[in-house]
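What follows is a single structure, written as structure tokens, with notes after it.
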Amino acid sequence: MFNRLTGTRDALVADYPGLTRDRLHGFTAGNLPSAVVIDTGGLAEGGDEMARLMHAQVELAVAEADVLVMLVDGQAGLGSEDRYVAALLRRSGKPVVLAVNKAEGRAADAFVAEFWGLGLDAPLAVSASHGDGVRDLLVAALALCPPAADEGATGQPAAQGPQIAVVGRPNVGKSTLINRLLREDRLVTRDEPGTTRDAVRVPFELEGVPYTLVDTAGLRRRARVTEAIEKFSVAKTLQAVDEADAVIVMLDAREGVTEQDASLIGLVLERGRALSIGINKWDGMTDSQRRKFMHGYAHSLPFLDFAEVHRVSALHGSNILELFHSAARAAQAARAELPTQELTRVLGEVVTRHPPPMVRRHRIRLSYAHQGGRRPPLIVVHGNQAELLPDSYRRYLVNEFRRAFGLTGTPIRLELRTGRNPFAGRRNVLTRRQAEKRRRLRRHAR
Ligand SMILES: Nc1nc2c(ncn2[C@@H]2O[C@H](COP(=O)(O)OP(=O)(O)OP(=O)(O)O)[C@@H](O)[C@H]2O)c(=O)[nH]1
Ligand SMILES: [Mg+2]
């Protein structure tokens, strides 16, 4: 069910080395409503050390979730273990949706009938392997969630203006940055990883413009399974990234760019989020330490040339407004409106300056462009055999669009669309007469 919900190609957090290991987190796949999904191990009564650890993991997943999905095996039928799990989930006080799996090809009502006995709300018939009922399940679950950008169950203020989420490894200074921007000690900071447990929304006004800053729990992987279990919410951090208009990724200058930093940035980009980078704790570093850091930075993140980078001290406040302004600009770029006429004009100029390569003895023609989406900008380029355009030329196009529209800080997605191509397949479908003629020509040419 987790694979079905998150899709195979989508941002599975587990695919990013170093980010999480305890529980499996993922974003729902493109055409499903947006949500963060957590997979847990199976729950059973009693058991050994491993089962106990698994139990603890499930409890953490329950703690960070807004709504629980209890999945039962409809072909195996209702068992005592199911009653045990239902009781456990009910005790959490969180809303529970009951999904009866393996329902493919069955009459739903009869299939789920016995599961009414669990005393949960109406059971839903689903098939994870076939995909039946999966969207309905997600919709039912989301209906029970407290609205994300709303006051209420979460006890958090409603989001106002662009949302800027601050993310990074534990202890890099995320909460300190927000406190310094606010000029007050709103958030708890401590020299200890895992200080922030949940995503916290904080209203922030600058030059008369309202923003919402989101402090998040630092993500990191434990070294060993047996280490003390982290009690912070990975899901809320992921959700904050997903909902943000731009993300400030904080790095710790004293620790260099780690694999986890690169993974986190990869995740932000894959979600299509705009970002700016804050290299924190720049204070009190020697020149050679600073040079060493920047060398490592250029080496580890060469693909990040479109994001602005600021060396800051959250503790002293140096450069933090510049960092914030970068993120605000990136948020704006992420939502930029790109008129078709302008896009097409830029495309024309770019193509004239440096025409696309020949492919199979035909020149690829790119005729016009329009905007297919925002946050991040999606630019759809129409042409002939456009899908054969090499990656290097795609990158060139993206860079030129970026420059022409001043789209700093946001990823840009490019989609190439081909109108009906009159030459398609022609090589292989010569008529008999054409083939004959070609053969004769060859003979004469010899
Ligand atoms: N020297 C120096 N120390 C800093 C700076 N920013 C934060 N710190 C210190 O780093 C420690 C961690 O800061 P926090 O703001 O709690 O870090 P965090 O990223 O919110 O950490 P978690 O909530 O645990 O993920 C604190 O002791 C801060 O005083 C900085 O710019 N320079
Ligand atoms: Mg914190």
Side-chain angles (χ1 to χ4, degrees), residues 13 16 18-22 25 60 63-64 156 163-202 204 212-223 227-241 244 247-265 267-268 275-290 292-294 297 309-324 326-327:
V13 175
Y16 292 91
L19 274 192
T20 63
R21 170 147 93 191
D22 303 339
H25 292 80
L60 286 173
E64 61 177 336
Q156 295 218 26
Q163 288 199 52
I164 314 274
V166 183
V167 305
R169 279 181 297 124
N171 216 41
V172 293
K174 301 178 291 297
S175 304
T176 306
L177 173 74
I178 295 181
N179 281 342
R180 190 63 58 194
L181 284 167
L182 298 172
R183 296 159 176 273
E184 60 181 283
D185 288 341
R186 176 82 60 93
L187 303 160
V188 182
T189 64
R190 237 185 312 158
D191 192 10
E192 187 179 292
T195 305
T196 306
R197 300 256 157 115
D198 221 335
V200 183
R201 269 200 294 272
V202 189
F204 177 56
T212 300
L213 292 167
V214 188
D215 189 20
T216 65
L219 295 188
R220 72 145 177 213
R221 187 175 76 176
R222 291 178 302 133
E227 243 178 76
I229 285 166
E230 311 274 16
K231 291 230 173 51
F232 55 74
S233 174
V234 175
K236 298 290 179 192
T237 297
L238 298 179
Q239 196 180 357
V241 169
V247 173
I248 292 176
V249 178
M250 294 279 271
L251 308 177
D252 186 334
R254 295 169 189 201
E255 299 196 8
V257 180
T258 68
E259 183 188 48
Q260 292 168 54
D261 294 324
S263 284
L264 184 57
I265 290 169
L267 183 108
V268 170
L275 77 173
S276 62
I277 307 282
I279 300 171
N280 193 31
K281 308 196 186 180
W282 198 249
D283 53 281
M285 299 230 317
T286 67
D287 280 350
S288 88
Q289 284 171 323
R290 290 176 172 182
K292 189 164 163 234
F293 180 91
M294 289 318 290
Y297 180 91
V309 186
H310 296 274
R311 287 158 265 196
V312 306
S313 168
L315 195 61
H316 302 306
S318 34
N319 270 336
I320 61 169
L321 274 181
E322 287 82 349
L323 174 60
F324 177 80
S326 259

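A quick note: this is a predicted structure, and the numbers were derived from the prediction, not measured. Each ligand, and each atom within it, is numbered from 1 in the order the structure gives.
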>> One residue to check: Leu177. Relative to ligand 1, which of side chain, backbone, both or neither has a non-hydrogen atom less than 4.0 Å away?
In response: neither
> Counting heavy atoms only, which of Gly168, Ala253, Ser318, Ser175 comes nearest to atom 20 (O) of ligand 1?
Replying inline: Ser175
> Side chain of Asn280, backbone of Ala314: donor and acceptor closer than 3.5 Å?
Replying inline: yes
>> I need the Arg290 CZ to Ile279 CD1 distance, nearest 0.5 Å.
In response: 11.0 Å
>> Looking only at protein heavy atoms, which one is nearest to atom 29 (O) of ligand 1, and what is the separation?
In response: Leu315 CD1, 3.8 Å
>> Between Thr216 (side chain only) and Val166 (backbone N and O only), is there a donor and an acceptor less than 3.5 Å apart?
In response: yes
> Of the choices Val166, Asp252, Asn171, which has the non-hydrogen atom that lies closest to atom 12 (C) of ligand 1?
Replying inline: Asn171
> For ligand 1, is any non-hydrogen atom under 4.0 Å from Arg254's backbone (N, CA, C, O), its side chain (CB onward), both, or neither?
Replying inline: side chain
> In the protein, what heavy atom is nearest to atom 17 (O) of ligand 1, and what distance, to one decimal place, separates them?
Replying inline: Gly173 N, 3.1 Å
> Which residue and non-hydrogen atom of the protein lie closest to atom 1 (N) of ligand 1, and at what distance in Å?
Replying inline: Asp283 OD2, 3.0 Å
> Considering distance alone, does some N or O of Asp215 sit under 3.5 Å from an N or O of ligand 1?
Replying inline: no
> Taking the side chain as C-beta and beyond, is there a heavy-atom pair between Leu264 and Val241 under 4.5 Å?
Replying inline: no
>> I'd like to know if Glu192 contacts ligand 1, where contact means a heavy-atom distance under 4.0 Å to any ligand atom.
In response: yes
>> Show the nearest heavy-atom pair for residues Ala253 and Trp282, with the distance to one decimal.
In response: CB-CE3, 3.6 Å
> Closest non-hydrogen protein atom to atom 10 (O) of ligand 1, residue and atom name please, with distance?
Replying inline: Lys281 NZ, 3.2 Å
> Has the side chain of Glu64 got a donor or acceptor atom that lies under 3.5 Å from a matching backbone atom of Val234?
Replying inline: yes
>> Considering non-hydrogen atoms of the protein only, which is the closest contact for atom 6 (N) of ligand 1, and what is the distance?
In response: Asn280 ND2, 3.1 Å
> Where does Arg190 meet ligand 1, judged by heavy-atom distances below 4.0 Å: at the side chain, the backbone, both, or neither?
Replying inline: backbone
> N/O/S of Ser175 less than 2.8 Å from the Mg ion (ligand 2)?
Replying inline: yes
>> Among all protein heavy atoms in this structure, tell me which lies nearest to atom 25 (O) of ligand 1, with the distance rounded to 0.1 Å.
In response: Lys174 NZ, 2.8 Å
> So which heavy atom on Asp283 is nearest to which on Ser313, and how close?
Replying inline: OD1-OG, 2.8 Å
> Salt bridge check: are Asp252 and Lys174 linked by an N-O gap of less than 4.0 Å?
Replying inline: no
> For the Mg ion (ligand 2), does an N/O/S atom of Thr176 lie at less than 2.8 Å?
Replying inline: no
> What protein heavy atom sits nearest atom 7 (C) of ligand 1, and how far away is it?
Replying inline: Thr176 OG1, 3.5 Å
>> Among Thr195, Thr189, Asp185, Thr196, exactly one meets side-chain hydrogen bond (donor to acceptor under 3.5 Å, both in side chains) together with Ser175. Which residue is that?
In response: Thr196
> CZ of Arg169 to CG of Asp261: how many Å apart, nearest 0.5 Å?
Replying inline: 4.0 Å
> Has ligand 1 got any nitrogen or oxygen that is less than 3.5 angstrom from a nitrogen or oxygen of Val172?
Replying inline: yes
